[in-house]
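Following: one structure in structure tokens, then a few remarks.
Any value given below was found using the heavy atoms of this structure, including those in side chains, with hydrogens, waters and symmetry copies removed.
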Amino acid sequence: MNRFFLTIILCFHVLFPNISFSQNENKKDYGEIHGNFEINMQTYAEDSLTGAEAVDDIIRTNAYANITYVKGNFSAGIRYEAYLNTMLGFDQRYNGQGIANRYVTYKTDEIEITAGNFYEQFGNGLILRTYEDKTLGTDNALDGFRIKYMPVKGIRITGLIGKQKLYWEYGPGIVRGTDAEISVNETFKKFEDKKTRIIIGGSFVSKYQKNLDPVYNFPENVGAFAGRINLSRNSFILASEYAYKINDPSSDNGNIFKDGNALLINTSWSKKGIGILANVLRLDNMSFRSDRAASINDLNINYLPAVAKTHTYAFAAMYPFATQPNGQVGGNVEIFYNMKRGSLLGGKYGMNISLNYSQVNSIKTEKIIVDPDAEIPDLDGYTSDFFAIGDELYFRDFNIEIHKKISKKLKFSAIYMYEDYNKLVIQGKYGTLHADIGILDFTYKFNSKNALRIENEILITGKEPSGEKQDYGDWYMFTLEYTSSPHWFFAVSDQYNYGNPDTQHRNHYYIISGGYTKGANRIQLGYGKQREGVTCVGGVCRNVPASNGFSLTVSTTF
Amino acid sequence: MNRIIIVLFLIISFVYSYGQDTEKNNLPSVNIKTLNGETFNTAGIKNADGPIFLSFWATWCKPCIKELIAVDENYVDWQEETGFKVYAVSIDDSKSMNRVAPFVNGRGWEFEILLDPNGDFKRAMNVINVPHSFILDKNGKIVWQHNSYSPGDEDEIYEILKKLASEKK
């Protein structure tokens with residue numbers, strides 16, 4: 001046993017040659033410890049009007065603490081999580097507490113090795129992305145080994161293997177992957193100073209899951225690969241990635257054997273005062289999980305970014321788009337324009353304007369009828385024409401935003417949004433609806449420290465042929481927020497569902513909140529009613545139930 | 001028993017010894033990206049002329065944009081007075097990452113813009129949510145940090161930058 005530890009010491013000396021066992025140096029480096037804490041608490045009281053439910057344990061807590069230790073090339077970290085019990089709207093399988101994440105990393109300019117939990121993204125994530133997002137309650141971290149190697153400047157190779165986190169457990173599948181990227185200008189001296197910058201990358205990911213199904217002969221190893229290019233010249237950027245996945249029957253795609261593919265094209269051009277971007281994304285059977293029976297947000301290996309713009313104002317985000325991994329084709333165009341100071345519309349301080357249009361449809365498919373007499377039945381499910389667009393509209397959003405400073409004290413933002421939303425496809429409820437949304441947001445600065453923000457939002461839904469308002473009908477929202485820099489804020493807001501076709505449910509959802517911030521310490525207390533809805537980040541969504549009660553958030557970074 | 005002694009010895013030697021860079025940068029070394037997709041190591045966040053304002057933001061985050069607008073409005077004056085440099089690290093993921101370049105250029109911001117699409121640098125800095133800003137002195141040491149933004153916070157930022165600039169002289 002002693003020999004074993006002596007070997008380890010020896011290894012450390014090889015890895016960290018500048019360690020000396022003497023203490024004759026003037027400045028001692030003990031390494032650094034950093035971290036953060038975040039505690040969220042909420043009480044739940046019943047409200048029969050809004051549908052808010054009470055819980056037996058009255059108060060629920062989601063809390064996290066990250067601790068990282070860094071010393072030279074070495075770093076290690078743990079994350080402690082406690083869900084006592086899990087707040088409503090998050091998966092209740094989180095219930096419990098313990099070490100949810102731990103890792104050690106050794107990193108030099110050339111090599112980086114991680115053991116334990118890690119987050120990784122290949123390219124745009126079309127075939128592999130592990131990440132965590134506390135607002136979504138998503139954490140699909142891999143637990144295993146990862147090596148990154150940079151043999152020469154501009155070339156990067158990554159290899160990894162692991163199992164994915166599933167709440168407090170691990171998924172049944174093993175994920176293996178490798179990625180290589182070459183930055184042409186950095187690698188070859190000849191291109192070093194060229195204005196055109198080129199980066200090319202490719203990746204391969206494979207999952208293994210034993211087949212225990214008595215009927216189906218599911219493939220146990222499923223591979224996916226992707227290639228990407230990033231071209232830029234001055235302020236023109238073209239970034240594209242194509243991914244292909246070999247037969248992967250799963251509960252997502254109804255156990256069909258069809259191969260999947262995805263194409264993403266992002267392009268933008270800009271110069272001072274103007275920016276234009278356009279992107280296209282087509283997905284066909286691209287759900288990719290480390291358990292073929294998994295559902296909702298569990299055990300996703302890949303990440304399929306939504307093409308639509310992310311809205312943050314409450315009503316603009318009321319009907320958010322969520323990526324449809326089984327098939328979608330869509331595009332997005334956006335223009336940013338800065339009107340100069342002193343111009344006709346720009347006025348004294350200039351004006352900022354942006355226009356955005358996005359649309360997502362189904363892909364065109366043709367169903368394959370399985371011939372029961374065939375020797376080898378065709379289990380692909382459907383065929384799809386790559387260049388055709390399906391007839392079913394999933395999502396359409398046209399919006400215009402204006403931001404203007406009127407005087408030293410007054411600023412405003414105005415937004416109009418036109419939206420068509422296929423709620424049946426995206427949320428599995430209702431049908432397709434239309435909404436017009438208007439937002440006016442004023443900020444008035446009393447002096448250098450105190451400011452008042454007044455936000456008005458209105459959402460008007462379309463009408464059914466019967467004349468009845470669609471979904472929950474019309475809404476109005478009013479927010480007052482007073483801030484006293486750098487520490488305090490107070491806010492009151494009310495969302496009023498005045499146009500609900502069900503007159504019994506024309507509810508007010510009011511929230512009162514206040515907070516204190518000092519440096520990286522923050523405490524926030526609130527009371528009110530939260531409407532049922534969907535919270536989305538990047539096209540991944542979580543249902544939020546109606547709630548009624550007090551909430552408390554405390555967070556700090558050190 | 002021997003084993004414990006050896007392990008203790010190992011830990012002590014590990015903690016007590018190496019690393020005596022006086023110019024040590026407090027920032028963790030993480031590989032993120034520049035606007036045209038090239039790799040950038042965060043240990044390279046430096047400014048020989050004065051302090052650094054490092055801000056984590058996203059194109060979908062309203063207070064973040066307000067904070068950067070406030071810094072931009074004062075940029076020329078503060079730059080002249082303190083020699084400071086702005087690094088704005090976008091945590092937009094692959095969904096909205098391609099909005100960053102046209103968004104920033106459209107507004108004419110003269111900041112160093114970096115992309116952290118999978119939150120690697122954000123995690124290493126223990127940032128919980130955006131906006132979260134740091135001020136570093138010219139040796140790269142973190143001297144101030146702040147989470148959230150309210151109108152007027154830029155005054156505090158300016159005071160700290162000024163103080164750091166005068167210490168330099």
Side-chain angles (χ1 to χ4, degrees), chain A residues 1-2 5 9 18-21 23 25 27-30 34-36 38 66 70 72 107 119 121 124-125 131 183 197 199 230 232 235 237 239 266 268 270-277 279 305-306 310 312 336-338 443 445 448-449 451 483 485-486 489 517 519-520 522 538-539 555 557, chain B residues 2-3 6-7 9-10 13-22 24 26 28-29 31 35-39 41 59-62 66 93-99 101-108 117-120 123-129 132 144-148 150-153 155-156:
Chain A
M1 210 55 202
N2 273 345
F5 278 97
I9 292 182
N18 47 350
I19 285 186
S20 79
F21 283 75
Q23 290 182 34
E25 286 155 7
K27 195 169 171 253
K28 285 168 196 158
D29 180 7
Y30 298 92
H34 291 285
N36 60 37
E38 184 184 358
N66 281 290
V70 185
K107 183 176 188 291
Y119 298 102
Q121 177 175 325
N124 291 286
Y131 70 112
S183 167
R197 316 293 291 180
I199 300 161
N230 192 322
S232 61
S235 58
I237 302 173
N266 285 330
S268 73
S270 50
K271 64 169 200 177
K272 194 171 172 160
I274 187 162
I276 299 171
L277 70 93
N279 36 3
T310 306
T312 42
F336 306 94
Y337 186 68
N338 214 8
T443 303
K445 234 174 137 176
S448 66
K449 283 193 162 18
T483 52
S485 168
F489 93 86
T517 305
R522 191 170 157 78
S555 66
T557 295
Chain B
N2 268 347
R3 203 168 17 154
I6 290 174
V7 172
F9 183 55
L10 191 81
S13 69
F14 189 62
V15 170
Y16 264 79
S17 38
Y18 76 119
Q20 51 175 36
D21 279 355
T22 43
K24 198 178 162 299
N26 261 23
S29 145
N31 290 325
L35 280 182
N36 55 23
E38 282 168 12
T39 300
N41 189 298
T59 59
W60 42 258
C61 163
K62 279 173 289 165
K66 284 183 182 170
D93 70 13
S94 58
K95 175 187 191 252
S96 49
M97 200 168 77
N98 74 315
R99 287 186 83 214
F103 186 93
V104 165
N105 289 330
R107 287 179 180 268
N118 208 25
D120 296 330
R123 251 190 312 277
M125 294 293 284
N126 288 296
V127 167
I128 296 170
N129 44 30
H132 193 125
W144 178 90
Q145 56 175 309
H146 191 81
N147 176 223
S148 83
S150 308
D153 283 0
D155 294 346
E156 196 188 352

When the 4.5 angstrom heavy-atom criterion is applied to A/I274 and chain B, the contacting part is backbone
Count the heavy-atom pairs under 4.5 Å between each of B/A124, B/G152, B/P102, B/P151 and chain A, then report the option with the highest count. B/P102
Could you look at B/Q145 and say if it's the side chain, the backbone, both or neither that has a heavy atom under 4.5 Å from chain A? both
Please evaluate residues A/S485 and B/D153 with respect to the criterion side chain to side chain donor-acceptor pair (under 3.5 Å), reporting the C-alpha separation (whole Å), side-chain torsions for both, the decisive distance (0.1 Å), and the verdict. CA-CA 6 Å; A/S485 168; B/D153 283 0; 2.5 Å; yes
Can you say whether A/K107 sits under 4.5 Å from chain B via the side chain, the backbone, both, or neither, judging by heavy atoms? side chain
With a 4.5 angstrom heavy-atom cut-off, which part of A/I276 approaches chain B: side chain, backbone, both or neither? backbone
Look up atom CG in B/D120 and atom CD in A/Q121, then write down how far apart they are to the nearest 0.5 Å. 8.5 Å
Between B/R123 and A/Y119, does a side-chain contact (heavy atoms from CB on, under 4.5 Å) hold up when you go through it step by step? CA-CA 10 Å; B/R123 251 190 312 277; A/Y119 298 102; 3.3 Å; yes
Identify which part of B/N129 has an atom lying under 4.5 Å from any heavy atom of chain A, answering side chain, backbone, both or neither. neither
Which atoms form the tightest heavy-atom contact between B/E38 and A/I199, and what is the distance? N-CD1, 3.6 Å
Please determine, among A/V70, A/T443, A/N66, A/T483, the option with the most heavy-atom pairs under 4.5 Å with chain B. A/T483
CG (A/N36) and NE2 (B/H132) are apart, to the nearest 0.5 Å, by 9.0 Å
Could you look at B/V127 and say if it's the side chain, the backbone, both or neither that has a heavy atom under 4.5 Å from chain A? backbone
Less than 4.5 Å to any heavy atom of chain A: does that hold for the side chain of B/R99, its backbone, both, or neither? both
Please determine, among B/N118, B/N105, B/N36, the option with the most heavy-atom pairs under 4.5 Å with chain A. B/N118
Over all atoms of both residues, closest heavy-atom pair of A/I237 and B/L35: CD1-O, 3.6 Å
Do A/N124 and B/S94 pair up side chain to side chain, a donor and an acceptor below 3.5 Å, judged on atom types alone? no
Sort B/D155 into side chain, backbone, both or neither according to what part of it lies under 4.5 angstrom from a heavy atom of chain A. side chain
Counting heavy-atom pairs closer than 4.5 Å to chain A, which one of B/R107, B/K66, B/M97 comes out on top? B/R107
Side chain / backbone / both / neither for A/K271 at chain B, heavy atoms under 4.5 Å: backbone
Assess whether atom NZ of B/K62 is packed by more than 12 heavy atoms of other residues, nucleotides or ligands within 6.0 Å. yes
Only pairs of heavy atoms separated by less than 4.5 Å count here; which of A/S232, A/P486, A/G275, A/G519 has the most with chain B? A/G519
When the 4.5 angstrom heavy-atom criterion is applied to A/F489 and chain B, the contacting part is neither
What residue in B/G108, B/G106, B/P117, B/S148 has the most heavy-atom pairs under 4.5 Å with chain A? B/G106
Kindly compute the distance separating OG1 (A/T310) from NZ (B/K95), expressed to the nearest 0.5 Å. 2.5 Å
Separation of B/I128 CD1 from A/S555 OG (nearest 0.5 Å): 4.5 Å
Given A/A520, A/S235, A/A451, the one with more heavy-atom pairs under 4.5 angstrom with chain B than any other is A/A520
Structural part of B/T59 lying under 4.5 Å from a heavy atom of chain A: neither
Going through the checks in order, is the side-chain contact (heavy atoms from CB on, under 4.5 Å) test met by B/M125 and A/T557? CA-CA 9 Å; B/M125 294 293 284; A/T557 295; over 6 Å; no
